[in-house]
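Since we're looking at a predicted model, the values are computed, not measured.
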There are 2 protein chains.
Amino acid sequence: MTSSDRYGPTRMKDVASAAGVSMTTVSLVLNDKAVGIPAETKQRVLDAAAALGYRPNALAANLRTRTSDTIGFVSDTIATTPYAGAMIQGAQDAAWKAGKLILTINTNGDPAVEAYALNALLGRQVEGIVYAAMYHQMIEVPAAAKEVPLVLLDARSADSEIPSVVPDERGGAYEATSHLISHGHKRIGFLKNTASVPAANERLEGYREALEANAIAFDGELVVAGDSGLAGGYAAAMALLVEPHRPTGLFCFNDAMAAGAARAAHELNLRIPDDLSLVGFDNLELVAPFTNPPLTTMQLPHYEMGVWAVEQLINRIDGEDFSVFHQRMQCPLVERASVGPPPTRT
Amino acid sequence: MTSSDRYGPTRMKDVASAAGVSMTTVSLVLNDKAVGIPAETKQRVLDAAAALGYRPNALAANLRTRTSDTIGFVSDTIATTPYAGAMIQGAQDAAWKAGKLILTINTNGDPAVEAYALNALLGRQVEGIVYAAMYHQMIEVPAAAKEVPLVLLDARSADSEIPSVVPDERGGAYEATSHLISHGHKRIGFLKNTASVPAANERLEGYREALEANAIAFDGELVVAGDSGLAGGYAAAMALLVEPHRPTGLFCFNDAMAAGAARAAHELNLRIPDDLSLVGFDNLELVAPFTNPPLTTMQLPHYEMGVWAVEQLINRIDGEDFSVFHQRMQCPLVERASVGPPPTRT
DNA sequence: CTGTTAGCGCTTTCAC
DNA sequence: GTGAAAGCGCTAACAG
């Protein structure tokens with residue numbers, strides 16, 4: 001009130017003079033570094049700060065300490081996929097728990113934007129960067145991103161030095177197929193998608209391995225490709241189901257294809273799961289529970305991957321735990337009602 | 001190379017001495033404020049900066065200029081809704097276009113986290129805050145958020161001074177109902193949800209108004225409530241469709257309920273759209289196109305709302321355009337295949 | 001046209 | 001135990 005009547009928010013200096021102490025003392029108290037300061041002084045500082053509505057300017061502190069408590073989150077596309085939310089949420093929650101804030105940016109896949117965005121992030125002194133793709137893929141990381149600790153989320157890089165986390169597609173497919181087998185199925189088809197993304201190849205592998213592990217011969221005729229949407233699933237399933245010696249169970253590349261398969265089955269008057277069992281992948285929250293019957297499927301661990309990515313990043317920022325580089329996150333089975341024992345007569 | 005061999009990133013001072021000029025000159029050149037500086041000098045600065053890989057420390061600049069080119073994005077929950085992505089994307093794109101970065105935080109609806117989060121944001125000198133809810137609702141905004149320009153996204157506040165943007169629910173419902181009417185329907189049911197959220201009430205209003213505008217008497221018997229999921233839609237539709245004088249068209253609170261209605265129709269051997277026309281709401285990208293037949297529905301303008309919110313925020317930060325306070329964003333009709341003329345005999 | 005100088009608000013030796 | 005003073009990296013008067 002006395003000397004420093006001025007515009008703008010209260011500064012530490014104001015608190016100091018209000019409490020009748022120096023800035024050093026205020027800083028010490030407010031940052032819990034007040035080792036030997038009497039409780040009485042401490043309280044006076046706290047009171048003054050509260051009375052003046054003091055809020056430290058983090059920018060100034062960060063400039064001085066050369067930290068920022070901020071991490072960058074770069075993603076290629078965020079909206080076009082329903083999965084994005086959970087990943088971001090996981091990342092946020094983990095960051096928050098570590099007292100960091102997240103600066104988000106999305107590049108829409110444009111390399112020019114990407115370069116610019118990285119610069120903006122780095123200029124703001126982010127302590128690390130999470131580089132997220134919105135579906136499991138191989139990406140090339142701009143050199144600039146490597147200036148700070150970096151982890152890849154739902155993506156991998158040819159540069160194996162960059163830590164990454166992706167879903168365990170192979171394991172998920174293995175479990176999906178095994179689930180069908182455990183119900184007694186022996187003729188199990190795989191509806192794969194045509195695109196050559198890691199998910200496609202690895203899910204096919206998992207399918208094969210599960211078959212092998214159970215001494216069921218792999219039959220190339222039982223895997224048929226289609227586009228990864230409902231229409232593709234419909235067509236692929238149709239091709240398989242009209243055959244005389246049709247499969248009794250279908251493992252589908254994703255839930256959309258599974259929904260297509262269900263449609264094909266209905267048209268052929270095959271009941272699910274009595275005549276045909278179905279397992280999907282993705283566990284789309286808006287479709288899997290609502291197919292008829294509700295779809296048994298594999299859950300993509302997006303939230304967990306988001307958490308892992310920033311926890312790992314923070315470990316690296318803190319200089320700890322450089323052990324695990326490439327994490328494959330387990331995809332849990334979500335049992336609903338589309339799987340049963342195979343029909344007694346095929 | 002000469003005097004300042006030191007650790008850490010290059011600073012402006014380094015560029016200055018490398019180019020043989022003062023920091024002022026460097027600053028001027030790099031910020032495009034070099035009014036009368038000879039091209040030759042300018043080039044020398046640019047070259048030196050490039051050679052040294054200089055990247056300005058935005059924190060330092062921001063401290064000095066008392067700006068931050070950063071806006072805060074606070075949301076209650078991000079993952080649990082499929083809509084969130086588009087809103088964030090819109091916000092991001094608009095922010096990026098204005099040269100701002102977004103600091104995101106989500107509170108999971110916890111007021112304690114919220115208070116803390118707001119402090120963190122404000123401490124980092126965000127220039128404004130977008131406060132987003134993940135579905136259209138009334139919220140109470142913490143006082144701290146009002147210290148900087150603020151706009152509400154997909155939410156409204158009792159405090160009418162706070163600008164906000166929400167979907168035009170009433171208008172959407174009006175158009176949905178009118179669409180049915182324009183196809184010749186006269187007996188149109190409304191499947192409403194039981195929760196008393198703004199969306200529910202306003203969609204009911206829009207439905208009534210469209211009826212009135214077309215001289216169709218409102219019939220309370222034709223509006224039946226259910227929970228807002230597939231099961232609720234199924235039950236509500238069932239109640240209506242078993243009646244002898246059943247409606248020929250149904251406007252549903254949302255796509256999930258519409259999917260339930262479709263299920264009920266199938267069970268009753270009513271074909272869509274021959275025997276029954278259906279209009280949904282939300283245009284869920286993963287369900288609406290894939291119902292059988294594909295669902296005609298109203299699109300929620302999430303991306304556009306995100307854009308509007310940050311554009312508005314930036315206007316306010318810049319001290320311009322304080323005119324529009326409450327925006328209701330139009331919900332466009334997405335025509336697919338679930339609407340046709342009513343059957344000739346009811 | 002360009003350099004000198006004084007801070008932005010904070011943390012942190014180093015004295016007393 | 002607490003204060004004075006230096007300085008994080010930058011911008012912006014103000015001279016010259």
Side-chain angles (χ1 to χ4, degrees), chain A residues 4 6-46 48-49 52-70 120 122-127, chain B residues 4 6-46 48-49 52-70 120 122-127:
Chain A
S4 61
R6 42 147 252 149
Y7 269 171
T10 5
R11 300 146 307 165
M12 186 178 279
K13 185 193 282 191
D14 303 325
V15 177
S17 54
V21 297
S22 76
M23 282 178 63
T24 310
T25 305
V26 177
S27 176
L28 259 24
V29 170
L30 263 28
N31 293 305
D32 274 326
K33 291 180 184 161
V35 273
I37 295 177
E40 191 261 329
T41 311
K42 213 184 284 193
Q43 199 46 243
R44 231 172 47 239
V45 171
L46 261 12
L52 296 174
Y54 174 64
R55 173 181 301 120
N57 181 329
L59 258 36
N62 290 337
L63 175 59
R64 180 64 232 244
T65 56
R66 297 149 162 290
T67 60
S68 69
D69 286 338
T70 302
L122 261 8
R124 275 178 176 75
Q125 317 302 112
V126 294
E127 296 174 351
Chain B
S4 60
R6 42 148 251 148
Y7 269 170
T10 354
R11 299 146 308 163
M12 186 178 279
K13 186 192 282 190
D14 304 324
V15 177
S17 54
V21 297
S22 78
M23 281 178 63
T24 309
T25 305
V26 176
S27 176
L28 258 24
V29 170
L30 262 29
N31 292 305
D32 274 326
K33 290 181 186 164
V35 273
I37 296 177
E40 191 260 330
T41 311
K42 211 184 283 191
Q43 199 48 243
R44 233 175 41 242
V45 171
L46 260 15
L52 296 174
Y54 174 64
R55 172 182 301 120
N57 181 328
L59 258 36
N62 290 337
L63 176 58
R64 180 63 234 237
T65 58
R66 298 148 162 291
T67 60
S68 69
D69 285 338
T70 302
L122 261 8
R124 276 177 174 75
Q125 317 302 114
V126 295
E127 297 175 350

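In terms of heavy-atom proximity, A:Ala18 sits nearest to A:Ala48 at CB-CB, 4.2 Å.
Residue A:Lys13 contributes atom NZ, which lies 13 Å from atom C1' of D:dA4 at whole-angstrom precision. Rounding to whole angstrom units, CG of residue A:Asn62 and P of C:dC8 are separated by 18 Å. Between the CG atom of A:Leu59 and the P atom of C:dC10 there is a distance of 11 Å, rounded to whole Å. Rounded to whole angstrom, the span from the CD atom of A:Gln125 across to the C1' atom of D:dC10 amounts to 12 Å. Taking atom CG on A:Asn57 and atom C1' on C:dC8, their separation rounds to 8 Å, with Å as the unit. The interatomic distance linking B:Met12 (CE) with D:dA12 (C1') rounds to 12 Å, in whole Å. Straight-line distance from the CZ atom of A:Arg124 to the C1' atom of D:dC10: 14 Å, rounded to whole Å. B:Arg44 has its CZ atom 8 Å from the P atom of C:dT2, to the nearest Å.
Taking only side-chain nitrogens and oxygens, A:Arg66 never comes nearer than 4.0 Å to OP1 or OP2 of C:dT11. In this model, the phosphate group of C:dT11 is approached by a side-chain N or O of A:Asn31 to a distance below 4.0 Å at OP1 or OP2. Taking side-chain N and O atoms only, A:Thr25 has no distance below 4.0 Å to OP1 or OP2 of D:dG1.
One distance of note links CD of B:Glu127 with CG of B:Leu122; it measures 12.0 Å at 0.5 Å rounding.
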Show which side-chain atoms of residues 34-44 of chain A pair as donor or acceptor with protein atoms under 3.5 Å away, not counting sequence neighbours.
unit_1  : atom_1 : unit_2  : atom_2 : d
A:Glu40 : OE2    : A:Arg44 : NH1    : 3.2
A:Arg44 : NE     : A:Ala19 : O      : 3.1
A:Arg44 : NH2    : A:Ala19 : O      : 3.2

Using the side chain to side chain contact (heavy atoms under 4.5 Å, CB included) rule, take B:Arg11 and B:Asn57 through it: C-alpha gap first, then chi angles, then the decisive distance, then the call. CA-CA 8 Å; B:Arg11 299 146 308 163; B:Asn57 181 328; over 6 Å; no
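Looking at residues two or more places apart in sequence or on another chain, you find no side-chain hydrogen bond (donor to acceptor under 3.5 Å, both in side chains) involving B:Thr24.
Tested against A:Val26, the residues A:Leu46, A:Asn31, A:Val21 include a single side chain to side chain contact (heavy atoms under 4.5 Å, CB included) partner, A:Val21.
Counting any heavy atom pair closer than 4.0 Å across all strands shown, B:Leu63 reaches a base atom.
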Which atom pairs link the protein and nucleotides 12-15 of chain C when you take only N or O atoms and keep those under 3.5 Å?
unit_1 : atom_1 : unit_2  : atom_2 : d
C:dT12 : OP2    : A:Lys33 : NZ     : 3.0
C:dT12 : O4     : A:Thr24 : OG1    : 3.3

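Residues A:Arg124 and A:Ser68 form no side-chain contact, since every pair of their non-hydrogen atoms from C-beta on lies 4.5 Å or further apart.
When each of A:Tyr54 and B:Ser22 is assigned the nucleotide of DNA chain C with its nearest heavy atom, B:Ser22 is the one assigned upstream, toward the 5' end.
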